[in-house]
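Residue numbers begin at 1 in each chain, while the letters A, B, ... track the order of the sequences. In what follows, every heavy atom counts, from backbone to side chain, and hydrogens, waters and symmetry copies are set aside.
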Amino acid sequence: MEGSALLVASWNVNSIRARLERVTAWLDRQRPDVLCLQETKVTDEAFPAETFGAFGYESTVFGQKSYNGVAILSRLPVEGVTRGMDDSEEDSSARLLGGNVGGARIYSVYVPNGQVVGSEAWEFKLRWLARLKSYLLLHHRPDERVVLCGDFNIAPEERDVYNPQFWKSTVLFHPIVREALTDLSSFGLVDTFRLHNEAGGLYSWWDYRAMAFPRNLGLRIDLMLATRGLAPQCSAASIDREARKGTGASDHAPILARFEL
DNA sequence: ATGGTTGCTTAGCAA
């Protein structure tokens with residue numbers, strides 16, 4: 001894979017079955033090498049792998065009924081697939097899927113939302129993030145080529161939130177959860193988007209309600225975090241806001257990053 | 001700036 005580019009994308013689709021036509025049309029337009037999906041909301045048996053196969057993408061899936069679910073669609077072979085964190089914690093949610101693609105290790109990540117600060121779901125979110133850090137420490141080194149792609153349900157900085165004063169009391173931008181992301185990143189992870197974009201007001205998620213998207217009332221909670229061993233190879237990073245437009249869109253936009261390997 | 005939607009699965013939950 002030396003000397004070739006790897007275009008990696010990630011998209012919380014909020015049900016792959018409800019979004020199938022949009023996703024295939026987007027794949028045809030963008031032709032990424034890899035697309036990580038979150039919130040597929042479908043069992044592995046019912047995942048529309050044949051449809052993606054017809055578009056040239058192999059499906060690697062880790063799903064469950066109704067909720068959560070992650071997948072990796074790839075035009076290149078995927079090897080060394082891992083599902084979940086394989087630690088001692090009781091956790092039935094399908095939120096982490098890894099595979100080796102084109103000279104990098106790629107994870108599709110769906111961090112728990114957390115619902116409300118102080119709730120059980122919130123504690124689960126914080127614990128899950130701590131477990132992910134432990135997973136990285138156990139299985140990887142920061143000088144390896146690894147990228148975590150997905151819906152982190154955390155906005156890293158003030159410029160990633162349209163109204164920080166309001167959102168800092170919520171699960172998406174509370175100081176505690178921002179600190180959890182900082183701690184995760186201290187493994188040696190770089191927010192690839194910020195290698196190539198400085199401006200605020202660039203978001204990846206907008207609430208379905210209250211005309212949030214046309215008013216650009218959003219947050220940047222979908223991230224591609226690359227190890228410091230891979231980040232220098234990141235030559236471009238973007239958010240495809242176009243894909244959020246119109247009726248029948250996911251509430252998240254796809255994000256992209258290009259790596260020169 | 002949490003009323004206001006969407007997608008499960010079937011009235012309520014999760015996001």
Distance between C1' atoms of B:dT9 and B:dG3 (Å, rounded): 24 Å
Expressed as a whole number of Å, how far does the C1' atom of B:dT6 sit from that of B:dA11? 16 Å
Which atom names give the shortest non-hydrogen contact between A:S250 and A:N12, and what distance separates them? OG-O, 2.6 Å
Can A:L137 be reached from A:L225 by stepping across I, L, V, M, F, W or Y side chains whose heavy atoms are under 4.5 Å apart? yes
Going from SG on A:C149 to CD1 on A:I255, what distance comes out if it is rounded to the nearest 0.5 angstrom? 7.0 Å
Pairs meeting criterion ring-ring contact (aromatic ring centres under 6.0 Å, His included) with involvement of residues 206-242 of chain A, two or more places apart: A:W206-A:F213
Would you give me the side-chain donor-acceptor pairs under 3.5 Å for residues 230-238 of chain A, sequence neighbours excluded?
from, atom 1, to, atom 2, distance (Å)
A:S235, OG, A:E260, OE2, 2.7

Heavy atoms under 4.0 Å is the rule here; annotate nucleotides 6-15 of chain B 5' to 3' with B where the base is hit, S where only the sugar-phosphate is, and - elsewhere. SSSS----SS
Out of curiosity, A:R178 CZ to A:E157 CD, how far, rounded to the nearest 0.5 Å? 7.5 Å
Starting from P on B:dA1, measure out to CG on A:N163 and report it in whole angstrom. 8 Å
When the C1' atoms of B:dG4 and B:dA15 are compared, how many Å lie between them, rounded to an integer? 16 Å
